[in-house]
Amino acid sequence: MLENISSTKVSGGWHKQYTHQASSTHCTMRFAIFLPPGASETNKVPVMYWLSGLTCTDENFMQKAGAFKKAAELGIAIVAPDTSPRGDTVPDDESYDFGQGAGFYVNATQAPYNVHYNMYDYVVTELPALIEAHFPVTDKKAIAGHSMGGHGALMIALKNPKQFVSASAFSPIVNPINCPWGEKAFSHYLGTDKAAWRNYDSCELMKQASPEDYLPLRIDQGEADNFLVEQLKTENLFLVVNEKDYPAEINMHAGYDHSYYFISSFIDEHLEFHHRHL
Ligand SMILES: CC(=O)Oc1ccc2c(C)cc(=O)oc2c1
């Protein structure tokens, strides 16, 4: 059962927030949706799913990205889920890069995380089914995200190339099995067997992709991003893209950092990229 908790008119459309009891994460989840002007049962619109990064909720992108005007113009709905299960019964951690706010979009296999931390199933299956049942949207979907959410968007698109028409990412963690954020989260959520980690790693998934499963990707990365070298490792994906001749555009930007100032500078281009495929 969906509970509407806010409705705000913006750019001629509507920004709304909802909570619902999720069966994949066994807790109350919150998401936000932007519906462009004119979206109705007789004029259904495609959806861009947005996955946010560490510490974020459904609110960061909606409040800071400045995406509504372009999404309204192009007739694209945007759905932004939370970044993890939440609540008093959900295991947490004091650090910013693990636990609540840091679900890494995987299905955890390790206790105590495996009850609630099933963000992969939530984003790939449960949320789209809910959105398509309750809102005036088509089943055409693109997926995008930032940092941990960029990892989520690329990884989910590479694993589900028929479900999404295109994927894009700002400052994504492209090779989580080889960076401190990913190693920490994956060892707790997935255990010590690194074979399980590879199933959620964009570089590894792209290496295994067949040309018939290729989908258009766009990545934007700031060169002044403090996390680029140690955590994001864009270069590792660039090597696989070239090796596989994968249709991925990787744009490096002098001077930009890891923040929403960067995202807001290029979000219109990402929406136009998805619009060409939706
Ligand atoms: C709103 C905002 O600034 O979000 C934000 C800040 C930092 C990070 C980092 C360091 C990693 C990440 O995955 O997401 C993220 C999001």
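What you see below is based on every heavy atom in this structure, not just the backbone, and it leaves out hydrogens, waters and symmetry mates. No experiment lies behind these values; they were computed from the predicted model shown. Atoms within a ligand are numbered from 1 in the order they appear, just like the ligands themselves.
- Using a 4.0 Å cut-off between charged nitrogen and carboxylate oxygen, Glu183 and Lys194 do not count as a salt-bridge pair.
- Under the 4.0 angstrom criterion for non-hydrogen atoms, His146 is in contact with ligand 1.
- Using a cut-off of 4.0 Å between Lys/Arg side-chain N and Asp/Glu carboxylate O, Asp213 and Lys162 are scored as salt-bridged.
- Of all atoms in ligand 1, listed by their number and element, those nearer than 4.0 Å to a heavy atom of Phe227 are 10 (C).
- Contacts with ligand 1 closer than 4.0 Å are made by heavy atoms of both the backbone and the side chain of Leu54.
- Residue Phe170 is tested with Phe262, Phe227, Tyr256, Phe266 for a ring-ring contact (aromatic ring centres under 6.0 Å, His included); the sole match is Phe262.
- Looking at Ser52 against ligand 1, nothing comes within 4.0 Å, counting heavy atoms.
- Ligand 1 is never approached by Tyr96 to a heavy-atom distance shorter than 4.0 Å.
- Using a 4.0 Å cut-off between charged side-chain N and carboxylate O, Arg218 and Asp220 make a salt bridge.
- Taking atom 3 (O) of ligand 1 as the reference point, the nearest protein heavy-atom neighbour is Tyr260 CD1, 4.1 Å.
- At least one protein heavy atom sits closer than 4.0 Å to atom 8 (C) of ligand 1.
- Of all atoms in ligand 1, listed by their number and element, those nearer than 4.0 Å to a heavy atom of Gly53 are 12 (C), 13 (O), 14 (O).
- Not a single heavy atom of Thr55 sits closer than 4.0 Å to an atom of ligand 1.
- Atoms of ligand 1 lying under 4.0 Å from any heavy atom of Met148, numbered from 1 in the order shown and given with element: 13 (O).
- Checked for salt-bridge contact, Asp58 and Arg30 meet the test: a charged N lies under 4.0 Å from a carboxylate O.
- Of all protein heavy atoms, the one lying nearest to atom 4 (O) of ligand 1 is Cys56 SG, 3.4 Å.
- When only interatomic distances are considered, the shortest N/O to N/O separation between Ser147 and ligand 1 falls below 3.5 Å.
- Contact analysis leaves Ser259 out of contact with ligand 1, as no non-hydrogen atom separation drops below 4.0 angstrom.
- Closest of all the heavy-atom pairs between Asp92 and Gln100 is OD1-N, 2.9 Å.
- Less than 4.0 angstrom separates some heavy atom of Asn60 from each of these atoms of ligand 1: 1 (C).
- Closest heavy-atom contact between Leu154 and Ser202: CB-OG, 3.4 Å.
- Checking His274 against Ser166 by side-chain atom types alone, a donor-acceptor pair falls below 3.5 Å.
- The side-chain tip of Lys159 points at the ring of Tyr200 from less than 6.0 angstrom away and within 45° of straight on.
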